[in-house]
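Everything on this sheet refers to the single structure shown next.
Only a predicted model underlies this, so the values are computations on that prediction, with no experimental measurement involved. In what follows, every chain begins at residue 1, and chains take the letters A, B, ... in the order their sequences are listed.
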Number of protein chains: 2
Amino acid sequence: MIHYNMTTPSPDDPGAPLGFAKHDHHACVTDALSVAEARCAEEGLRLTPVRRKVLEILLREHRALGAYAILDLLREEGFGSQPPVAYRALDFLSENGFVHRIERLNAFVACTHADEAHSPAFMICRLCDTVAEAQSAPARGALGAAAKAAGFQIEKTVVEAEGLCPACVDKAAS
Amino acid sequence: MIHYNMTTPSPDDPGAPLGFAKHDHHACVTDALSVAEARCAEEGLRLTPVRRKVLEILLREHRALGAYAILDLLREEGFGSQPPVAYRALDFLSENGFVHRIERLNAFVACTHADEAHSPAFMICRLCDTVAEAQSAPARGALGAAAKAAGFQIEKTVVEAEGLCPACVDKAAS
DNA sequence: CCAATAGATGATACACTATAACATGACAAC
DNA sequence: GTTGTCATGTTATAGTGTATCATCTATTGG
Ligand SMILES: [Zn+2]
Ligand SMILES: [Zn+2]
Ligand SMILES: [Zn+2]
Ligand SMILES: [Zn+2]
């Protein structure tokens, strides 16, 4: 039950959060799209119109959206509006590292480190659903030791922290 | 799409895995139930028949089960069989630390450290769905640093590693 | 150019997961 | 005994995700 409002922030709204910091969101979106296009060209991946549009939506919104919320936005832009349309695009994008799935929210967020290979960790605000991406190396710590001891071969890790973002901490304090 | 087989292992089957290790599973179940009963008595929590049965089911099966799989087993034992019955029991048990939710599987597993307060991490085999619980301290590493830098207050963390359990590594090698 | 192929999309139907809402029951406090 | 509280039963519905099959579109090889 993610309670997104459906309105898209004006693309050059300087107050939109990347992670939790203010930034030039318009450049942020166009840059990330360029990077994605370049990488697809290099690697022979097909960034088709639907896939590109889904990535653009997630970049614009800059927070986790459920597949059905994405589907609503796709419909508004004239694309197919059945669930597989969104899920297939999201599969492509997440298999190739352009978006990440947030297990805790059953939702998706655009990657903010589109280039390098990485093992992401997320900070999820339980009040405003904002999501920030950080790096993690869980296999190096206690978990890695436990896995080694148990003979378990780690292939992928999910790390998601839930709590309060800076803005909501302030609100709660007042 | 968790593909559990519905059969319950004979309660004293010495081959049932705890984590990934063989152990005396019958004692494992009865001990954990005793611990749960003791703690509920201490803290004034009500371990009612349904709640106790759900915990028993998860202890017996010793792996992650979806709410509807639990519901099927509850029905067989004469309890109510509508979704809220299972979800309410699971809410009680997970709020009080007797079971954990595995976000990645939309499923639940009995805690194997029922006593102490802890921040669990899980190792999930992608072939046989076995789940082992380990400890983690993600807030101490890179994630904690990132949270501090961002002003994010971590309240809870989800750490789930996906990969191959020892048994499935062996099978894959052959 | 045409046919064959492979990948992508469209569309229907369905399966799985979870909660809202309301009625009933059990039990303790007053 | 009435009231309040917590737990359970039950119905209905919301939200999330796939299987399947048909169609389209872009290569590519002849
Ligand atoms: Zn990323
Ligand atoms: Zn917030
Ligand atoms: Zn535990
Ligand atoms: Zn396994």
Among D:dT18, C:dA8, D:dT11, the nucleotide that comes nearest once only the side chain of A:T48 is considered: C:dA8
How long is the line joining CG of A:L105 and P of C:dT17, in whole Å? 18 Å
Euclidean distance, atom OH of residue B:Y87 to atom C1' of D:dT13 [Å, nearest integer]: 14 Å
Rounded to whole Å, the CG-P distance (B:D129 to C:dC16) equals 15 Å
Nearest to the side chain of B:P83, which nucleotide is it out of D:dG17, D:dT10, C:dT19? C:dT19
Between B:H25 and B:H62, what is the ring plane arrangement, given parallel below 30°, perpendicular above 60°, and tilted in between? tilted
Select one nucleotide: of C:dA8, D:dG9, C:dT19, the one nearest the side-chain heavy atoms of B:V85. D:dG9
By nearest-heavy-atom nucleotide on DNA chain D, the more 5' of A:R101 and B:F92 is B:F92
Can you tell which of C:dA18, C:dT12, D:dG9 lies closest to the side chain of B:F108? C:dA18
Do B:T130 and B:R63 come close enough that some side-chain heavy atom pair is under 4.5 Å? no
From C:dT17, D:dG17, D:dT11, nucleotide with atom closest to B:N106 side chain: C:dT17
Has A:Y68 got its ring stacked on D:dT16, by the test of a centre gap below 5.5 Å and a plane angle below 30°? yes
Between A:G78 and B:D91, who's closer to the 5' end of DNA chain C by nearest nucleotide? A:G78
Rounding to a whole Å, what distance do you find between A:I70:CD1 and D:dG17:C1'? 13 Å
Candidate pair A:R88 and A:E95, rule salt bridge (charged side-chain N to carboxylate O under 4.0 Å, His left out), full reasoning: CA-CA 10 Å; A:R88 287 195 284 232; A:E95 272 165 19; over 6 Å; no
Interatomic distance, A:L71 CG vs D:dT18 P [rounded to whole Å]: 14 Å
Distance check needed: D:dT16 P versus A:L90 CG, whole Å only. 13 Å
Length of the line joining B:D72:CG and C:dA15:P, which is rounded to integer Å: 15 Å
Is there a side chain to side chain donor-acceptor pair (under 3.5 Å) between A:R39 and A:N96? Walk through the geometry before answering. CA-CA 10 Å; A:R39 193 151 81 71; A:N96 293 289; 5.6 Å; no
Say whether B:H100 and B:H113, considering side chains only, have a donor N or O and an acceptor N or O under 3.5 Å apart. no
In whole angstrom, what separates A:K53's NZ from C:dG10's P? 14 Å
Quick one: list whatever passes side chain to side chain donor-acceptor pair (under 3.5 Å) with A:Q135, sequence neighbours left out. none
What about B:R88, does its side chain sit under 3.5 Å from the base of D:dG9 through a donor-acceptor pair? yes
Do the non-hydrogen side-chain atoms of A:C28 and A:L59 ever get within less than 4.5 Å of each other? no
Whether B:E160 side chain and B:R104 backbone form a donor-acceptor pair below 3.5 Å: yes
Would you tabulate the nitrogen or oxygen pairs shorter than 3.5 Å linking the protein to nucleotides 23-30 of chain C?
none

The nucleotide from D:dG9, C:dA8, C:dT17 with an atom nearest the side chain of A:R51 is C:dA8
